[in-house]
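Along the sequence shown, residues are numbered consecutively beginning with 1.
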Amino acid sequence: MTLSSARTALVVGNVSGRGLNAAAGMGQLRTVVRSLSAFDLSPDELLARLHDTAAELAFERAHLPLGDPLRREALTADCAYAIHDPLTGTCCMATAGYLAPVVIRPDHTMSVPDTPAGPCLGVAEDAPFATTEFDVPAGSVLVFTSDPLVTGYLAESSCPLRAAPDYAERPLQELCDDVVYSLPEGLGAGDAALIIARTRSFPAEGFASRRIGDDHASVATARRHAGEQLAEWGVDDATAFNTQLIVSELVTNALRYGAPPIEVRLIRDRMLTCEVRDAGQAAPHLRHARVADEGGRGLFIAAELAQSWGVRYVNSGKMVWTEQALADDR
């Protein structure tokens with residue numbers, strides 16, 4: 001799934017049971033994951049909320065009428081949720097159950113990240129989920145499976161995965177086919193799912209970052225630097241004007257309600273992303289100012305000009321971001 005700031009979410013999981021009921025449960029949880037990912041949650045927080053939803057679904061199933069055969073099928077699930085950030089070359093993930101990826105780096109070394117396993121989704125256990133972050137250099141290959149047996153086999157065998165870096169110029173589907181065909185029949189993989197992803201580095205020319213001062217004169221400075229960067233990228237006048245206005249409003253909010261240091265980032269990828277980071281933890285609130293109000297319209301203006309916007313909390317504070325479609329993508 002595509003996320004803000006050029007990031008990508010990778011998700012794999014399995015649901016207890018077989019047949020139509022298992023497929024229906026998987027569809028429900030998949031919809032919840034897609035909905036929660038839109039809120040820019042960290043992997044551990046997303047799995048915690050997914051766990052709550054799975055527990056509610058399991059409770060509903062356990063209290064169906066006595067004659068309903070679905071009542072006898074307990075609902076539990078495993079899930080791994082990872083976010084790859086090409087700007088930092090890292091991947092952070094959390095797991096419900098014993099699911100972890102196999103990482104094959106460009107130097108042909110393989111490893112399985114040491115990720116603490118959280119409780120399976122839908123069970124009564126309510127232990128917290130933990131997030132693990134690990135480096136994934138450009139050209140690395142991540143392999144997620146829905147069955148720990150398959151993961152263990154791939155990590156220890158001399159299967160085609162060790163040659164994954166040699167597939168750099170070939171479709172990943174070919175590597176996926178080679179891996180699947182190499183699995184022994186006696187492994188008991190059954191209908192395990194397999195996801196293979198290749199990481200990439202983000203081009204330096206598509207990213208700009210600048211730290212600004214904590215005085216109100218910095219608003220004009222941030223707007224000017226944004227305009228210069230957008231002109232260098234050849235962004236059309238209308239989008240550039242809107243972006244400069246967004247920068248002004250977000251920086252003003254950061255100065256008024258946030259805390260220094262304040263950083264402005266522009267990312268030119270599939271969308272044009274504008275980010276303003278500050279050290280404050282207060283959550284921005286979109287409000288509809290009254291006609292006589294002299295302020296309170298900044299975030300509303302940014303949201304109106306952008307195609308989407310959101311807030312992402314990081315260790316050093318928060319980041320308010322907006323995304324706009326580029327002229328060539330309209």
Side-chain angles (χ1 to χ4, degrees), residues 1-4 7-64 68 70-85 90-101 112-134 142 144-152 190-195 197 281 283 310-315 318:
M1 294 181 292
T2 57
L3 302 178
S4 63
R7 299 171 305 143
T8 302
L10 300 166
V11 190
V12 67
N14 62 72
V15 177
S16 59
R18 291 182 177 276
L20 183 60
N21 293 332
M26 187 175 297
Q28 290 175 307
L29 295 179
R30 182 187 295 118
T31 300
V32 176
V33 170
R34 184 170 292 276
S35 299
L36 290 175
S37 66
F39 291 95
D40 257 340
L41 302 175
S42 61
D44 56 332
E45 187 176 356
L46 184 142
L47 285 186
R49 300 193 181 193
L50 183 63
H51 180 52
D52 292 340
T53 302
E56 291 180 6
L57 294 175
F59 178 83
E60 293 176 358
R61 177 178 293 191
H63 290 78
L64 289 172
D68 194 321
L70 185 58
R71 179 189 172 104
R72 297 189 294 272
E73 297 183 20
L75 175 61
T76 60
D78 296 336
C79 181
Y81 184 86
I83 298 177
H84 173 248
D85 188 344
T90 59
C91 186
C92 63
M93 68 173 294
T95 65
Y98 294 92
L99 297 181
V112 178
D114 185 13
T115 306
C120 294
L121 303 176
V123 299
E125 184 181 357
D126 199 22
F129 296 92
T131 296
T132 298
E133 182 172 294
F134 50 93
L142 301 174
F144 291 83
T145 75
S146 60
D147 190 330
L149 291 176
V150 178
T151 301
D191 54 356
L194 181 69
I195 297 177
Q281 293 288 343
V311 182
R312 184 164 71 253
Y313 291 93
V314 293
N315 293 334
K318 69 176 181 299

### Task
Locate the shortest heavy-atom distance separating Leu142 from Cys91; write the atom from each residue and the value.
CD1-SG, 4.4 Å

### Query
Is there a side-chain contact (heavy atoms from CB on, under 4.5 Å) between Val15 and Leu29 once you walk through the steps?
CA-CA 9 Å; Val15 177; Leu29 295 179; 4.2 Å; yes

### Under the ring pair (Phe, Tyr, Trp, His ring centres under 6.0 Å) test, residues paired with Phe129 that sit two or more places apart
His51

### Message
Ala127: which residues meet the side chain to side chain contact (heavy atoms under 4.5 Å, CB included) condition with it, sequence neighbours left out?
### Response
Pro119, Glu125

### Task
Take Thr145 and Thr151 through the side chain to side chain donor-acceptor pair (under 3.5 Å) test and state the conclusion after the steps.
CA-CA 6 Å; Thr145 75; Thr151 301; 2.6 Å; yes

### Query
To the nearest 0.5 Å, what is the distance between CZ (Arg34) and CZ (Arg30)?
8.5 Å

### Task
Please round to the nearest 0.5 Å and tell me the distance separating atom OH of Tyr81 and atom CG of Leu50.
10.5 Å

### Task
Compare every heavy atom of Ala74 with every heavy atom of Ser16, then report the nearest pair and how far apart it is.
OG-O, 2.9 Å

### Message
Between Asp78 and Ser146, do the side chains contain a donor N or O and an acceptor N or O under 3.5 Å apart?
### Response
no

### Query
In Å and rounded to the nearest 0.5 Å, what is the CZ to CE distance from Arg7 to Met1?
11.0 Å

### Query
Would you call Val112 and Pro101 a side-chain contact if the rule is heavy atoms closer than 4.5 Å?
no

### For Phe134, all residues meeting ring pair (Phe, Tyr, Trp, His ring centres under 6.0 Å), sequence neighbours excluded
none

### Query
Is there a donor-acceptor contact under 3.5 Å from the side chain of Asp147 to the main chain of Ala192?
no

### Message
Within this structure, what is the CG-CG distance for the pair Asp52 and Leu57, rounded to the nearest 0.5 Å?
### Response
11.0 Å

### Task
Using atom types as modelled and distance alone, determine if a side-chain donor or acceptor of Thr8 lies under 3.5 Å from a backbone N or O of His84.
no

### Message
Would Asp40 and Ser4 count as a side-chain contact (heavy atoms from CB on, under 4.5 Å) here? Give the steps.
### Response
CA-CA 8 Å; Asp40 257 340; Ser4 63; 3.2 Å; yes

### Query
Nearest 0.5 Å, what's the SG-CG distance between Cys79 and Asn14?
9.0 Å

### Message
Run the salt bridge (Lys or Arg N to Asp or Glu O under 4.0 Å) test against Arg49 and tell me which residues pass, sequence neighbours left out.
### Response
Glu45

Give the table of side-chain donor-acceptor pairs shorter than 3.5 Å for residues 92-100, with sequence neighbours excluded, one pair per line with atom names and distance.
{"from": "Thr95", "atom 1": "OG1", "to": "Gly97", "atom 2": "O", "distance (Å)": "3.3"}
{"from": "Thr95", "atom 1": "OG1", "to": "Pro116", "atom 2": "O", "distance (Å)": "3.4"}

#### Entry: Between CD on residue Glu133 and CG on residue Asp85, distance to nearest 0.5 Å
8.5 Å

### Summary
Sorted by chain and number, sequence neighbours left out, side chain to side chain contact (heavy atoms under 4.5 Å, CB included) with Tyr313 holds for Gln281, Ala283, Pro284, Val311, Lys318

